[in-house]
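Shown next, in structure tokens, is the structure this report addresses.
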Protein chains: 2
Amino acid sequence: MKSARNTTAKTEIQELIASSSVALSHSEIQKSLEGLCDRVTIYRVLERLLEEGFIHKIVNVDGVVKYAGCHSCSAKHSHNHIHFSCQKCKSVTCLDDVEPSFKLPKNYKVSEMNFTLSGLCPQCS
Amino acid sequence: MKSARNTTAKTEIQELIASSSVALSHSEIQKSLEGLCDRVTIYRVLERLLEEGFIHKIVNVDGVVKYAGCHSCSAKHSHNHIHFSCQKCKSVTCLDDVEPSFKLPKNYKVSEMNFTLSGLCPQCS
DNA sequence: TATTTAATGCAACAATGTTGCAAAAGTAAT
DNA sequence: ATTACTTTTGCAACATTGTTGCATTAAATA
């Protein structure tokens, strides 16, 4: 049986994401950690945090992958909320309360969703 | 004044995308063209087709960028429809008729949207 | 403290996308 | 058809992002 271990890198990254109001990219995390660990380690830690359900992954409209903590989905772990990407301050935030509705044609089976809007956030508009 | 020119590469790529029922990635286009032109040229042609409004860009849930022709938006050119990404056959299609609705908090100004669902398409489910 | 094995660092690699510049090829005028 | 002008292309080189193998390091348990 393989059991997870608490390492410095994992703890730091987890805290960084948890305390951030915006979603963070791999490179942003790397800058924040200031050489605490290797680039590869960050990828592997993020992978583990995803598996363990502490964070979720967001693909921005420009293709950049960002990571955000799981707030609203502690129990059920569903991510059908909208993300907002600000074109001015470049921040990506989870709008946890905004869940879009739509009517899908028959025979489509949905297992994952990625909704991202871009424009100006309240701070920038 | 700079005016666009009709080149072999542009014509081929435009036709390829227009005649495809699914969105195509850069690498898929490259394979189809079989060395007709350079990798870089494809990037630049796609850039021009985007500017000219013949195609639109879709960022898939896995971060892969795909391009699809503009069908429904010939006049108004809006892309608020949903995209569906099949996990089995890997196809990405535009569900032109499916437009999601949602209530955004005040002071957000939306200029672009990217909605992608993934799961199983009718052919694969 | 010793043992076990998860986690890390390093090097090397692959995929994707960008940029500068000289050469090639459209387009329009002669 | 030829010329002149400028867009477009190909090539090389580079940047970024993400992955993999393997030896080493360091948690967690006994």
Side-chain angles (χ1 to χ4, degrees), chain A residues 1-17 22-68 85 90 92 112 114 116 118, chain B residues 1-17 23-68 85 90 92 114 116 118:
Chain A
M1 66 290 246
K2 63 160 67 180
S3 58
R5 292 177 186 179
N6 285 326
T7 64
T8 318
K10 188 182 171 188
T11 310
E12 287 297 318
I13 294 172
Q14 200 167 351
E15 277 179 13
L16 194 62
I17 295 176
V22 299
L24 300 173
S25 67
H26 174 275
S27 67
E28 287 165 339
I29 293 170
Q30 191 177 3
K31 271 172 212 141
S32 288
L33 293 180
E34 289 174 322
L36 174 87
C37 68
D38 194 72
R39 220 166 56 84
V40 180
T41 302
I42 301 176
Y43 280 114
R44 295 197 263 226
V45 168
L46 288 171
E47 207 176 316
R48 265 180 284 151
L49 291 175
L50 279 170
E51 277 173 17
E52 293 169 10
F54 288 117
I55 61 175
H56 65 284
K57 197 175 179 174
I58 307 159
V59 180
N60 200 358
V61 280
D62 56 5
V64 174
V65 175
K66 299 229 173 185
Y67 302 89
S85 173
K90 307 291 173 195
V92 174
E112 219 182 306
N114 200 305
T116 308
S118 60
Chain B
M1 65 293 243
K2 65 159 69 179
S3 57
R5 292 179 185 180
N6 286 326
T7 64
T8 318
K10 188 182 171 188
T11 310
E12 286 298 317
I13 294 172
Q14 200 167 351
E15 277 180 13
L16 194 61
I17 295 176
L24 301 172
S25 68
H26 174 274
S27 67
E28 287 165 341
I29 293 170
Q30 191 177 3
K31 270 172 212 140
S32 288
L33 294 179
E34 288 172 323
L36 174 87
C37 67
D38 194 74
R39 221 166 56 83
V40 181
T41 302
I42 301 175
Y43 280 114
R44 294 198 262 226
V45 168
L46 288 171
E47 206 175 316
R48 265 180 284 152
L49 291 175
L50 279 170
E51 278 172 17
E52 294 170 8
F54 287 117
I55 60 175
H56 65 283
K57 197 175 180 173
I58 306 159
V59 180
N60 201 358
V61 281
D62 57 5
V64 175
V65 175
K66 300 229 173 185
Y67 302 89
S85 173
K90 307 291 173 196
V92 174
N114 200 305
T116 308
S118 61

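The figures here come from the full heavy-atom set of this structure, side chains too, leaving out hydrogens, waters and symmetry mates. What you see is a predicted model; the values in this text were computed from it and never measured.
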Around atom NZ of A/K57, are there more than 12 heavy atoms of other residues, nucleotides or ligands at under 6.0 Å?
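It does not: A/K57 NZ has 12 such atoms or fewer within range.
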
Is B/S3 near enough to C/dT27 that one of its side-chain N or O atoms lies under 4.0 angstrom from OP1 or OP2?
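No, B/S3 has no side-chain N/O under 4.0 Å of OP1/OP2 on C/dT27.
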
At under 4.0 Å, does any side-chain N or O of B/T7 touch on OP1 or OP2 of C/dG26?
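It does not, given that no N or O in the side chain of B/T7 lies less than 4.0 Å from OP1 or OP2 of C/dG26.
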
5′-ward residue of the pair A/R44/B/E47 relative to DNA chain C:
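Its nearest nucleotide lies further toward 5', so the answer is A/R44.
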
Using every non-hydrogen atom in the two residues, find where A/N60 and B/V59 come nearest and quote the distance to one decimal.
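That closest heavy-atom pairing would be O-CG1, 3.7 Å.
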
Can you see which heavy atom on B/Y67 is nearest to which on B/I55, and at what distance?
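Here B/Y67 and B/I55 meet closest at CD2-CD1, 3.9 Å.
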
Expressed in angstrom and rounded to an integer, what is the separation of [X] atom [atom1] from [N] atom [atom2]?
| X | N | atom1 | atom2 | value |
| --- | --- | --- | --- | --- |
| B/I42 | C/dT18 | CD1 | C1' | 15 Å |
| B/K10 | C/dA24 | NZ | P | 23 Å |
| A/L46 | C/dT8 | CG | C1' | 15 Å |
| B/D62 | D/dT17 | CG | P | 17 Å |
| B/E52 | D/dT8 | CD | C1' | 13 Å |

Which residues pass the side-chain hydrogen bond (donor to acceptor under 3.5 Å, both in side chains) test with A/T116, sequence neighbours left out?
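Testing A/T116 for side-chain hydrogen bond (donor to acceptor under 3.5 Å, both in side chains), a comparison that skips the adjacent residues, returns A/N114.
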
Check: residues 31-46 of chain A side-chain donor-acceptor pairs under 3.5 Å, at least two apart:
unit_1	atom_1	unit_2	atom_2	d
A/S32	OG	A/E28	O	3.3
A/D38	OD2	A/V40	N	3.0

When you match B/D38 and B/R5 each to their closest nucleotide on DNA chain D, which lands nearer the 5' end?
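Closer to the 5' end of DNA chain D: B/R5.
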
Less than 4.5 Å apart, any side-chain heavy atom of B/V65 and any of B/H26?
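Heavy-atom side-chain distance check fails, nothing below 4.5 Å.
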
Do B/K10 and B/E52 come within less than 4.5 Å of each other through their side chains, counting heavy atoms only?
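B/K10 reaches B/E52 side chain to side chain.
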
Between [options], which nucleotide has the shortest distance from any of its atoms to the side chain of [X]?
| X | options | answer |
| --- | --- | --- |
| B/V45 | D/dG18, D/dT9, C/dG26 | D/dT9 |
| B/V40 | D/dA27, C/dT18, D/dT19 | C/dT18 |
| B/Y43 | C/dT27, D/dT19, C/dT16 | C/dT16 |

Any base atoms under 4.0 Å from A/V64, or only sugar-phosphate, or nothing? Heavy atoms, all strands.
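A/V64: no heavy atom of the nucleic acid under 4.0 Å.
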
Positions of residues 23-36 of chain A (non-hydrogen atom under 4.0 Å from DNA chain C), listed by number:
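By residue number: A/L36.
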
For a quick check, tell me whether the side chain of B/R39 and the base of C/dG17 share a donor-acceptor pair closer than 3.5 Å.
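Indeed, a donor on one side and an acceptor on the other fall under 3.5 Å apart.
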
